[in-house]
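Scroll down for the structure; my scribbles are underneath it.
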Amino acid sequence: MRAYLTSLRAIVGREALRFVHQRERFIAALVRPLVWLLVFAAGFRAALGLSIIPPYQTYITYETYIVPGLCGMILLFNGMQSSLSLVYDREMGSMKLLLTSPLPRWWLLFAKLAGSTVISVLQVYAFLAIAAAFGITLPAWGYVTALPALVVAGLMLGALGLVLSSFIRQLENFAGVMNFVIFPMFFLSSALYPLWKMAESSKLLHDICAANPFTHAVELIRFALYAQFNGKALIWVLLAALVFTALALWGYDPARTRIARRG
């Protein structure tokens, strides 16, 4: 047990040090959602009307609606960037040293996932603090009840990044694949528009958004920010996290890697 905890502390600490030394990463993680919150939301406010939908008890501004989606954006982008570091570590050889540890591979990947999730959650709370400074406040208890939802969503999106990093061998290819995954997941979700708006334009588009795991992650965060529980969203996020984790473990299986090299 001591070895497990030592490895967890070391890997999470390494992720934290890497993040501290890359201040541009922290700034970039906040600039993206703030641009949406302060620039795009101002233009969409008049064009998009929002009815009273759960968990809201009254009419809300568009800026208030997209805050949970922008929290999900931070988790999504940071999960992918953390996985990008795995591809870099593989090219530099440090990943090979990590995976040759006597500890189980699933634990090492979990420690990596936990480190990226901790950093993602801290970035989300920094964004919420800035949003509050601009007048977009949430219920006081929501900042506390949102923590478990942010952790679960962060683990799910981080596991998705692990899946991508397990199949991508070159650093140059990761950026293109990452954009191919990030933007469809973000725009085909309820992060920017409610699902009933999607249904008005296209039934097929609504069904795609409803099947998107990122949609359920956003809704889980949205309800949690208002101290409400969304059981359906939690189940879907946990199922997606389990599937992505299983695929990541299979992708990092040394037997599969040897077969791929022989092929």
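Not measured: the values here are computed from a predicted model.
- Across every non-hydrogen atom of Leu113 and Gly158, the tightest pair is CD1-C, 3.2 Å.
- Residues Leu239 and Ile208 do not share a hydrophobic cluster, defined by chaining ILVMFWY side chains whose heavy atoms lie under 4.5 Å apart.
- Between the CG atom of Leu188 and the CG atom of Asp207 there is a distance of 12.0 Å, given to the nearest 0.5 Å.
- Listed here is the closest heavy atom pair of Thr64 and Pro68: O-CD, 3.7 Å.
- Ring-plane geometry between Phe183 and Phe77 is classed as perpendicular, the angle between the planes exceeding 60 degrees on a 0 to 90 degree scale with a lower cut at 30.
- Distance alone, capped at 3.5 Å, places no donor-acceptor pair between the Arg32 side chain and the Leu70 backbone.
- Listed by chain and residue number, nothing satisfies the salt bridge (charged side-chain N to carboxylate O under 4.0 Å, His left out) test with Lys232 (two or more places apart in sequence, or in another chain).
- Rounding to the nearest 0.5 angstrom, the gap separating the CG atom in Leu122 from the CZ atom in Phe127 is 15.5 Å.
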Evaluate the side chain to side chain contact (heavy atoms under 4.5 Å, CB included) criterion for residues Tyr193 and Phe187: first the C-alpha distance (whole Å), next the side-chain angles of each, then the deciding distance (0.1 Å), finally the verdict.
CA-CA 9 Å; Tyr193 323 99; Phe187 288 107; 5.5 Å; no

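- In this structure, His216 contributes its side chain and Ala211 its backbone to no donor-acceptor pair below 3.5 Å.
- Rounded to the nearest 0.5 Å, atoms CD (Gln123) and CG (Asn78) are 4.5 Å apart.
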Please evaluate residues Phe134 and Glu63 with respect to the criterion side chain to side chain contact (heavy atoms under 4.5 Å, CB included), reporting the C-alpha separation (whole Å), side-chain torsions for both, the decisive distance (0.1 Å), and the verdict.
CA-CA 10 Å; Phe134 282 95; Glu63 291 92 330; over 6 Å; no

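- Looking only at side-chain heavy atoms (C-beta outward), Met80 and Leu160 come within less than 4.5 Å of each other.
- At a threshold of 4.5 Å between non-hydrogen side-chain atoms, the residues Ile221 and Val124 do not count as touching.
- At a threshold of 4.5 Å between non-hydrogen side-chain atoms, the residues Thr145 and Phe229 do not count as touching.
- A donor-acceptor pair is defined here as one N or O able to donate and one able to accept, closer than 3.5 Å; such a pair exists between the side chain of Gln228 and the backbone of Pro55.
- No donor-acceptor pair closer than 3.5 Å links the side chain of Tyr65 to the backbone N or O of Leu192.
- When all heavy atoms of Ala132 and Tyr143 are compared, the pair lying nearest together is CB-OH, 4.2 Å.
- The shortest distance between side-chain heavy atoms of Met156 and Phe214 does not fall below 4.5 Å.
- At least one side-chain heavy atom of Leu150 sits less than 4.5 Å from a side-chain heavy atom of Tyr125.
- Leu30 contributes atom CG, which lies 6.0 Å from atom CD1 of Ile74 (distance to the nearest 0.5 angstrom).
- Side chains of Thr245 and Phe110 form no contact here, defined as non-hydrogen atoms less than 4.5 Å apart.
- Hydrophobic cluster membership differs between Val118 and Leu162, with clusters built from Ile, Leu, Val, Met, Phe, Trp and Tyr side chains linked at under 4.5 angstrom.
- In this structure, the separation between CD1 on Ile66 and OG on Ser190 is 12.5 Å, given to the nearest 0.5 Å.
- Between Trp236 and Leu220, the closest side-chain pair of non-hydrogen atoms is not below 4.5 Å.
- Listed here is the closest heavy atom pair of Leu37 and Ala131: CD2-CB, 3.9 Å.
- In this structure, CG in Leu34 is found 5.0 Å from CD1 in Ile130, a value given to the nearest 0.5 Å.
- The two atoms that bring Ser189 and Thr215 nearest to each other are CA-OG1, 3.0 Å, heavy atoms only.
- Under the 4.5 Å side-chain criterion, counting only non-hydrogen atoms from C-beta, Val151 is in contact with Leu155.
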